[in-house]
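Data first, discussion second: the structure below is written as structure tokens.
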Amino acid sequence: MKLSKTYNPKKVEDKIYRVWEKSGFFNPDKLPTAKKKKIKKFVVAIAPPNITGSLHMGHALENTLVDILVRKKRMKGEKVLWLPGTDHAGIATQNVVEKELKQQNKTRFDLGREKFIKKIWQWKEKYGNIILDQLKKLGCSCDWSRTRFTMDRNYVKAVEQAFLHYYKKGWIYQGKRPINWCSRCQTSLSDLELEYEEKKGKLWYIKYKLKAQSAKRKADYLVVATTRPETMLGDTAVAVNPKDKRYKNLIGQKIILPIVNREIPIVVDKLVDPKFGTGAVKVTPAHDLKDYEISINHKLPLVQVIDEKGKISKAAPLSFRGLKTLKAREEIIKKLKKLNLLEKEKNHNLAIPKCYRCNTIVEIIPSKQWFLKMEKLAEKAKNAVKEKKVKIYPKNFEKIYFDWLKNIKDWCISRQIWWGHQIPIWYCENSEQKIKNTTSKMGFAGDVVPQVFDNKTQTYRLRNHGLKVGEKVAFENSITGEIFGTAIITEIQKTTVGKIDLKDKKHWKTYKKLEELITAFKRHHPEKEVNTDTLVWIYTYRFESECLPIVDDKYALKKCPSCNKGKLRQETDVLDTWFSSALWPFVILGWPKKTRGLKEFYPNHFISSDRSIVNLWIARMIFSGLEFMKTAPFKTAYIHATILTKTGQRMSKSLGTGIDPLELIEKYGSDATRFGLTWQTTGVQDIRFEENNIVMGKKFCNKIWNATRFVLQQTANSKLKAQSSKLQFKVQNLTKADKKILKSLEETIKSVEKDLENFRFGQAAQNLYHFFWHDFCDIYIEKSKSQKEKENTKKILLYVLLTSLKLLHPFMPFITEEIYQRLPLKRKKRFLMVETWPKL
RNA sequence: GGACGAUUAGCUCAGUGGAAGAGCGCGUCGCUUACAUCGACGAGGUCGCAGGUUCAAAUCCUGCAUCGUCCACCA
């Protein structure tokens, strides 16, 4: 068959991909060398793209580079497995489907959880595999027969197993803490899921009046500086640094919180930076992590003034309730000015945390969440890299990795969304109902009842609350959420605690929320003084279910195994997406079952990812692998470059700066796109994307095509047939040009090998390009036209072409395969994909 | 505030102690047994700035400037 004058990728690529798929060689078990006993393996797990995703430049680069390595290893005769799949991507996917619903003027709440999840599954079936098809377009040689999804049936079971494992170890606990909260997504977010936006803001200097005037001090107030005045509504102290001489004699004194008129203490804490602002800091434990720490050190109460919707809560004075935080800020400033309590304001730059999925400002609010203890896991992860069991390439990312692990906090693994792995904890409904009945009798919603702690006697007192002797209660610290004890009630005391008279039951019924207790008391007893000496610490106690939560395979039981009556209800929170992604390298091989795949292909050898998920994903895979498999999940984690626009901007759909790799493939062909991208991968820095490089790739394809046409013309009517990959030519008759091209080829083989071993993809591509275009085409082919030893020259032409095709195949698989199929080779034809990699 | 990286031709980038390189772009000539998506030849850079080490510095050291990334802070 004659070759057309120019190379047309459209006629070739899809056809070739189908043939490859049919060959079965993407599956390591079907490789020609599969049955050899001692065979090197090369296993890579894909970084599973989100089901919402469509292929972007990052994916294209990442998977091209992996495919280069994978194809090269396959040609070297190794047993190669590239495991593909997709990630359910909790919030991202939920958002996409919610947006779709919004067009019909519906929210997920209109549908309800079950129907909404069903809808997402439908969406997933329809669109979820698009990105995998796009990877095929790119030429990725994954074993599609092993495709997995992070929420397929067995994956769900695996995640439950992992959770159970941690739970049994006592590493999973529930706690109430200030966490990052997205008021739009209505869920908690981890620190890594925040994006900061630099913004010009203000620092306000606010006067807090001292309760007692001091003779030594001229002013009767203290000035605190804050960037977030609205949180002052939840202040429960003012803190200063112990070394700060300015405030030395104020320590222990009381101060009056403006607007709210709450009396709060002045405490000392070394967490306070004396250089910032005035050195005196307002402490809002509910809405600031550092303040929260201070509150723990000083047993300060926690007043939540911002609710889940990002609005000012009922714990705040009436006039601010229901306002959004920014609006509340304005109002507070206005009011402070009116009261003449605003000393000054200064410009101050700040970084505002935003939800990385929806860009809403993230608030810190206290919330009950599930946590995974990180101490031991972080230790394991650290050691694995320190001991070089895992290499992170390039090495400077190891620093980022260690930095994160060094200061790690426990991992908040619960999310309040619907799409994801529902936390495998089951409660007995019977027991829950019992609690509800009791508490509602007492006038409280839920299972939490205010409890007053007497600071003087350091005891918790049970009041006349309708409980009966013999019933079991659990005590929960409302600040930490920590359950500090359970008790069976043995005695009911009718008593007054502190100065609050709680005997009057009609007051009790109004206390729907814990935070209202003090305010309510003040409202009813304005004449009485609420004194922090007698009453400060307000705790709650909670009824503990008679039946323990179940975290086990036994959940399949229909009835609660404890009481043998109640139905079981599953925890509604779902797990952080990364909890399941962390298990990826071994779950896709069959864990927790002891499968052959797991035995044969774990640990993996290589994984590649974007630099932004080194900690989010890579680090967590490492400790998960060590925890569940006792071995690190891979030997090398390669962090690839980030592709920017030519002007150095981030590529982003919303900014309109993204370039769609599929359009490039359409325009220039897959090989050209791959080659152009690889060409630019000369380092690990950012790549400013230059489309001209893809054009160059296209031209290069054409060059290869035409060089082939020439060689085929020369060899067409000749009896020459290749005997093997090493063609027989007469060594003694070599001309100068022959020798030169053969030597140059040899050097190219060496350098490509070496560059790829060191992940120098761009250099390898450039060397190949230079060799083929200039050494082979410009010089040798031209020279060959006038060489006398015709037969030998033809053999050398064919030999160099064939060898070049092999070297080029990992970079440009389609065109090289297509050409290989047309070469006049005598041997039984296979595929270039499984041809032998050139040896020296 | 801390750490790391970058700064080389018009553009995108290689080059880490021994005569400044590639691709694209640009100029001149050329359809010569594959390729005009091509070939031949060529122009274009005091290698961010200032010091220092060295026989020799784009390369090593110090300082500065600009840009970028990450971490912490952001009361």
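Letters A, B, ... are given to chains in the order of the sequence lines, protein chains preceding strands, and every chain is numbered from 1.
- Between the P atom of B:A3 and the OH atom of A:Tyr401 lies a distance of 23 Å, rounded to the nearest Å.
- Straight-line distance from the CD1 atom of A:Ile400 to the C1' atom of B:G68: 13 Å, rounded to whole Å.
- The side chain of A:Arg611 sits closest to B:U69 out of B:C13, B:G15, B:U69.
- Across B:G51 and B:U59, the matching P atoms stand 14 Å from one another, rounded to whole Å.
- Rounded to a whole Å, the CE atom of A:Met57 is 13 Å from the C1' atom of B:U12.
- Atom OH in A:Tyr769 sits roughly 14 Å away from atom P in B:U37 (whole-Å rounding).
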Start with the C-alpha distance between A:Trp679 and A:Phe761, add both sets of side-chain angles, then the distance that settles ring pair (Phe, Tyr, Trp, His ring centres under 6.0 Å), and finish with yes or no. CA-CA 7 Å; A:Trp679 181 277; A:Phe761 297 96; over 10 Å; no
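- For the 3.5 Å distance criterion, the side chains of A:Thr325 and A:Glu363 qualify, holding a donor opposite an acceptor.
- For A:His774, a side-chain nitrogen or oxygen approaches OP1 or OP2 of B:G23 to under 4.0 Å.
- Rounded to a whole angstrom, the distance from the C1' atom of B:C70 to that of B:C47 is 28 Å.
- Backbone-only engagement by A:Asn396 is indicated by non-hydrogen atom pairs under 4.0 Å involving sugar-phosphate atoms exclusively.
- Both A:Asn692 and A:Gln680 lie near RNA chain B, and the one whose nearest nucleotide falls closer to the 5' end is A:Gln680.
- The two residues A:Tyr292 and A:Pro285 make their nearest non-hydrogen contact at CB-O, 3.5 Å.
- Judged by the 6.0 Å distance and 45° axis criteria, A:Lys209 is not positioned over the aromatic ring of A:Tyr221.
- Electrostatic pairing of A:Asp686 and A:Arg611 counts as a salt bridge here, judged by a charged N lying under 4.0 Å from a carboxylate O.
- Within the 4.0 Å cut-off from OP1 or OP2 of B:C74, at least one side-chain nitrogen or oxygen of A:Lys290 is found.
- Because its NZ or CZ atom is both nearer than 6.0 Å to the ring centre of A:Phe710 and within 45° of the ring axis, A:Lys785 counts as a cation-pi partner of that residue.
- Between A:Leu768 atom CG and B:A22 atom P there is a gap of 18 Å when expressed in whole angstrom units.
- To the nearest 0.5 angstrom, A:Asp775 atom CG is 9.5 Å from A:Leu745 atom CG.
- Residue-level contact check: A:Leu644 touches neither bases nor backbone, having no heavy atom under 4.0 Å from any strand.
- Note on A:Phe397: nothing from the nucleic acid sits closer than 4.0 angstrom, heavy atoms only.
- For A:Asp288 and B:C74, the CG to C1' distance is 9 Å, given to the nearest whole Å.
- Relative orientation of the A:Phe700 and A:Phe772 rings is perpendicular, given thresholds of 30° and 60° on the angle between their planes.
- Within the nucleic acid shown, A:Thr226 comes within 4.0 Å of sugar-phosphate atoms alone, with no base atom in reach, counting heavy atoms only.
- For the C1' atom pair drawn from B:G63 and B:G21, the interatomic distance equals 30 Å after rounding to whole Å.
- Of the P atoms belonging to B:C11 and B:G18, the separation is 27 Å, rounded to the nearest Å.
- Residue-level contact check: A:Gln763 touches the backbone only, with heavy atoms under 4.0 Å from sugar-phosphate atoms and none from bases.
- Remark: RNA chain B forms stems of 3 or more consecutive Watson-Crick or G-U wobble pairs, all pair distances under 3.5 Å, at B:1-7 with B:65-71, B:10-13 with B:21-24, B:26-30 with B:38-42, B:48-52 with B:60-64.
- Looking at residues 695-708 of chain A, you'll see A:Met696, A:Lys698, A:Lys699, A:Asn702, A:Lys703, A:Asn706, A:Ala707 sit with a heavy atom under 4.0 Å from some atom of RNA chain B.
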Could you walk me through whether A:Phe675 and A:Tyr668 satisfy the ring pair (Phe, Tyr, Trp, His ring centres under 6.0 Å) test, starting with their C-alpha distance in whole Å, then the side-chain angles of each, then the deciding distance to 0.1 Å, before giving a yes or no? CA-CA 11 Å; A:Phe675 196 77; A:Tyr668 306 108; over 10 Å; no
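- Regarding A:Gln714, its CD atom lies at a distance of 12 Å from the P atom of B:C35, rounded to whole Å.
- Going from the P atom of B:U16 to that of B:A6 covers 12 Å, rounded to whole Å.
- Separation of the P atoms belonging to B:G2 and B:C73 is 15 Å when rounded to the nearest angstrom.
- Both A:Lys399 and A:Asp686 lie near RNA chain B, and the one whose nearest nucleotide falls closer to the 5' end is A:Lys399.
- Taking the side chain of A:Thr6 as heavy atoms from C-beta on, and the options B:U37, B:A34, B:U12, the nearest nucleotide is B:U37.
- Interatomic distance, A:Phe811 CZ to A:Leu756 CG, rounded to the nearest 0.5 Å: 4.5 Å.
- Here the P atom of nucleotide B:G25 and the CD atom of A:Glu691 are 13 Å apart, to the nearest Å.
- For the pair A:Thr715 and A:Lys795, the minimum side-chain heavy-atom distance is 4.5 Å or more.
- Nucleotides B:A9 and B:C24 have their C1' atoms positioned 12 Å apart, rounded to a whole Å.
- Separation of the P atoms belonging to B:C26 and B:U37 is 13 Å when rounded to the nearest angstrom.
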